[in-house]
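Below is one structure, written out as structure tokens, with a few remarks after it.
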Amino acid sequence: MEFLKELNENQQKAVKYTDGASLVIAGAGSGKTRVLTYKIAYLLKMGMAPGSILALTFTNKAAKEMKERIAQMVGANIARYLWMGTFHAIFSRILRSEAEHIGFTKSFSIYDSADSKSLIKSIVKEMKLDDKVYKHGFVQSRISYAKNNLITPDSYLANTDLLKADTASRIPLLKDIYKIYCNRCKQADAMDFDDLLLQTNVLFRNHPAILQKYQQIFGYILVDEYQDTNFAQYLIVKKLAEKHEKICVVGDDAQSIYSFRGANIDNILQFKNTYHNAQIFKLEQNYRSTQTIVNAANSLIDKNLQQIKKTVFSEKETGKPIKVLSVFTDFEEGFVIANNITDLRYSSNYRCQDIAILYRTNSQSRVMEEALRKQSIPYRIYGGLSFYQRKEIKDVIAYCRLICNQNDEESLKRIINYPARGIGDTTVNKLIECAQLHAVSAWEVLNDMLKYNLAVNAGTANKLAQFRSMIDVFAQQVPTQNAYDLANSIVKTTGVISDTFTDHSPENLSKQDNVQELLKAVHEFCEAKQKEGETITILPDYLAEISLLTDQDTDKETDKDKITLMTVHAAKGLEFKAVFIVGMEEELFPSPFCITERELEEERRLFYVAITRAEERCFISYSKSRFRNGKTNFSNPSRFIEDIDKEFLELPVENKPNGKQSSIGDWDDDMEVERNRFNNASFSKPVFKEQIIQSSPRHLVKVQGVSEERNPIENKAYPVGSFVKHAIFGIGKIIETSQVSGNDKADIDFGEKGIKSLLLKFAKLEVLT
DNA sequence: TCTAGCCGAGTTTTT
DNA sequence: CTCGGCTAGA
């Protein structure tokens, strides 16, 4: 047990306690993953069989990393038998082997959220309801909420509170949509993400013998990120652990940020009430961040009332204060951040992969992206469209899914007329209506159009029959064909990507690349399975694997050394030497949709998560105006900045070039922060784009001393003396134009608002005269 | 069946 | 602004 020496005292205690239930409260950066991995290694060394350990995580990435670390410690041959994966992955595996007990088949499809949205849309349409009232997004979240709380359609009907709430929200028929939605899923032999948890509960509730079987199998259960479990997950874990209470959950209530998805922070707060003899271990030493960052984060989270008290501390160096950057516009924000990044790269020798830009909403990525691109800083955006959500990929996968499960209605709808084969919307609607009328799947109708009286003309019937037999031919090959060969012939024969061969546009070429990429992935999957001793890997096995994958799981080698751009949510569990948290403004962070104290506390935790991602440097920026939804909106600094003790912050300082007074306007009154305009933030390190691209880091440091002297330069577009209009300051008169580091700049007298030095590329001035 | 054009809406999302 | 969804017309 040499490896135990690598743990501190509390970590060791948490690892070694295996007598009963235990809760490990793990502060940010306190070695949570380390405790989990070492604990599993410890259990294995104590003689526990790997096949009786169940370890649940929230992301595939976390599971994969943990598995790799354990493999290093105890050997891959042992590690591969661990039940380790996400809740969804593990229980979809169990559901597949027990599917017939709950009315599904082994090859059930998994509907992703786009599929379920599309199904909801068609149900609302078929019920002739107003889709402006029954908005698909809202209906979807309502159904998801019900499932996460284990409310089946029948118990929904019996729940007066829910019914009342729906009537009050003018959506009384939600109960019916929910019921039909579930029926349709079952008819399609499909489960959505929430079903994977709900149906597991149904399985365990209705079949005690099966529950008992898994209670026997899982001799020890570990759960990561327990603060983010919802009721469905909580109950699965509770039932499985009931017998022996050999369970260890790890989490941090201060990092609970998924309540809007049904996560219930009470699961961790009330752990002791669920498991009466639970031991609690607190990990409070942060090994990730400087003292300043840890203390700043502590002072922030201290403002939350609801929390398990703990004292996270760091013994690393004090470190630099968190730098607060104040800018005028979101464009300038991007520019300033890019400059700061350049600075870090070349004067502190940070690599791109050490740096992350975090934001509250995905839409903020655009300006950042633009700024980075302009300065040729390599970056990678996480979130947005993932590989598996791309149209061409979804199309190919829809073929694969339909071929493996002909009842899969969403896949059928997607490709029955793609590529176009003369089966229009009218026909598809008739087909589905007919199927509903006879309570069978659409495929069933296709199989016997006469029997079900499908009212289409002979030509259409012929086209439908052709489509059916094409799918049939593939379907017959499923049990005997290797997944890669079958996928390959699907792509070649169905013409699913024939659209992309019409021209050589970059979009089309990229689509072809993506499909090749997918096929390559299938190939690799088959080879990996073969190495594990499988004789043949069939297509359904591959589908089962990828339906639960996300973009984050597909890291490419070429993406290694790049700046990371992602939402704060996506950054949870990650760490970077330097972190930029941008858009720290009211109406953005906290989100205007969070009103109640409980919701605000979650937003504060989100900010806490953001800060604690940083190891050495943390920057926070806010802009006084932001371009959103086609309009420029004014904004104030986020209240959360004030929640951090000032001693840990480096607030923007006023800088007065040439002794000119530059008044701030009204924004900063509450913060006593003054603007350090373009000088400090933007130009302390003049940016020479070309040189940055070509030269080595050391070269660049030399150029940094270049003069910042301003030389008045006549600017023809903005003649001295002319009047201009600015989005924030209103009308002003140009006093002087100049160039600084190759950027056009103007000094403008805005009367009452004072004299401002503005960069023309940001100011967006309108010339009036 | 396809496409241009209009209208309206617009947080966060591990699976 | 920038998507998605729908309608009108080819």
Side-chain angles (χ1 to χ4, degrees), chain A residues 56-64 85-92 110-118 121 125 131-132 135-138 140-141 144 147-148 191-198 200 224-225 227-230 232-233 255-263 330 358-367 382-386 388-389 417-428 499 546-553 566-574 583 585 587-595 599 602-603 605-607 609-610 626-633:
Chain A
L56 298 166
T57 63
F58 274 77
T59 63
N60 293 305
K61 204 176 172 188
K64 198 177 138 204
T86 63
F87 273 89
H88 292 80
I90 295 288
F91 294 111
S92 77
I110 293 176
Y111 276 179
D112 66 20
S113 71
D115 295 319
S116 80
K117 194 183 270 177
S118 145
K121 256 188 235 168
K125 210 167 187 175
D131 60 3
K132 293 207 174 63
K135 290 181 195 162
H136 52 248
F138 187 69
Q140 189 177 27
S141 70
S144 173
K147 288 188 176 180
N148 286 331
M191 295 198 201
D192 65 18
F193 289 144
D194 300 322
D195 277 329
L196 296 174
L197 306 174
L198 171 67
T200 303
D224 191 14
E225 308 277 17
Q227 76 281 355
D228 285 330
T229 49
N230 61 33
Q233 291 163 327
Q255 294 185 64
S256 159
I257 54 173
Y258 281 100
S259 78
F260 69 96
R261 278 190 72 102
D330 42 359
L358 308 181
Y359 33 77
R360 180 66 180 82
T361 67
N362 273 315
S363 58
Q364 288 165 261
S365 66
R366 275 188 96 115
V367 258
Y382 290 79
L385 253 204
S386 86
Y388 297 102
Q389 288 167 341
N417 196 37
Y418 187 84
R421 42 174 81 85
I423 305 172
D425 287 348
T426 334
T427 309
V428 175
D499 261 16
I546 59 153
S547 50
L548 297 169
L549 281 189
T550 57
D551 215 24
Q552 308 233 348
D553 308 320
M566 55 168 59
T567 62
V568 183
H569 281 93
K572 200 174 84 167
L574 307 177
E585 293 141 37
E587 308 293 306
L588 186 60
F589 201 165
S591 156
F593 294 85
C594 298
I595 309 136
E599 288 167 326
E602 175 148 326
E603 291 283 299
R605 290 196 293 269
L606 190 57
F607 188 30
V609 168
R626 185 168 294 276
F627 193 72
R628 256 209 290 184
N629 304 342
K631 279 203 298 274
T632 301
N633 298 308

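Below, chain A is the first sequence line, B the second, and so on; all start at residue 1. Reckoned from all heavy atoms, side chains included, excluding hydrogens, waters and symmetry mates.
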| said: Side chain of A:Lys121 only, heavy atoms from C-beta on: which candidate in B:dT14, C:dG5, B:dT12 is closest? | reply: C:dG5
| When you check the phosphate oxygens OP1 and OP2 of B:dG10, does a side-chain N or O of A:Ser363 lie under 4.0 Å from one of them? | no
| message | Can you tell me which nucleotide in B:dG10, B:dT13, B:dT14 comes closest to the side chain of A:Thr59? | response | B:dT14
| query | C:dT2 P sits how many Å from A:Gln364 CD, rounded? | reply | 16 Å
| query | Side chains of A:Ile257 and A:Val568: does their closest heavy-atom pair fall under 4.5 Å? | reply | no
| Does the side chain of A:Ser116 come under 3.5 Å of the side chain of A:Gln140 through a donor N or O and an acceptor N or O? | yes
| remark: Picking from B:dC2, B:dG10, B:dT13, the nucleotide nearest the side-chain atoms of A:Arg261 would be B:dT13
| In terms of side-chain heavy atoms of A:Arg366, which of B:dT13, C:dC1, C:dT2 is nearest? | C:dT2
| query | A:Arg360 CZ to B:dT11 P: how many Å, rounded? | reply | 11 Å
| message | Could you check whether any side-chain heavy atom of A:Tyr258 comes within less than 4.5 Å of a side-chain heavy atom of A:His569, counting everything from C-beta outward? | response | yes
| task | Could you say whether A:Ile423 or A:Phe260 is positioned toward the 5' end of DNA chain B, judged by the nucleotide with the nearest heavy atom to each? | result | A:Ile423
| query | Base, sugar-phosphate, or nothing for A:Lys125, non-hydrogen atoms under 4.0 angstrom? | reply | nothing
| message | In whole Å, I'd like the distance from the CZ atom of A:Phe138 to the C1' atom of B:dT11. | response | 15 Å
| Would you say the side chain of A:Phe589 lies within less than 4.5 Å of the side chain of A:Gln364, judging by non-hydrogen atoms? | no
| Interatomic distance, A:Ile595 CD1 vs B:dT11 C1' [rounded to whole Å] | 11 Å
| query | Please give, in whole Å, the distance from C:dT2 C1' to A:Asn362 CG? | reply | 14 Å
| note | Whole-Å distance, A:Leu358 CG to B:dT12 P, equals 15 Å
| message | Does any part of the side chain of A:Gln233, heavy atoms only, come nearer than 4.5 Å to the side chain of A:Phe58, both counted from C-beta? | response | yes
| task | For A:Tyr258 and B:dT12, give me the distance from atom OH to atom C1', rounded to whole Å. | result | 8 Å
| message | Tell me whether the count of non-hydrogen atoms from other residues, nucleotides or ligands lying under 6.0 Å of CZ in A:Arg421 goes above 12. | response | yes
| request: Would you state whether a donor and an acceptor, one from the side chain of A:Ser591 and one from the base of B:dT11, lie under 3.5 Å apart? | output: yes
| task | Could you tell me the separation between the CG atom of A:Leu56 and the C1' atom of B:dT14, rounded to a whole number of Å? | result | 13 Å
| task | Check every strand shown and say whether A:Asp228 touches a base, only sugar-phosphate, or nothing at a heavy-atom separation below 4.0 Å. | result | base
| So what does A:Arg421 touch, heavy atoms closer than 4.0 Å: a base, only the sugar-phosphate, or nothing? | nothing
| said: Please classify the nucleic acid contact of A:Asn417 as base, sugar-phosphate, or nothing, using heavy-atom distances under 4.0 Å. | reply: sugar-phosphate
| note | When A:Lys135 and A:Leu196 are each assigned the nearest nucleotide of DNA chain B, the 5'-most assignment goes to A:Lys135
| Sugar-phosphate only, base, or nothing, as touched by A:Phe87 at under 4.0 Å among non-hydrogen atoms | nothing
| At under 4.0 Å between heavy atoms, what does A:Ala62 touch on the DNA or RNA strands: base, sugar-phosphate, or nothing? | nothing
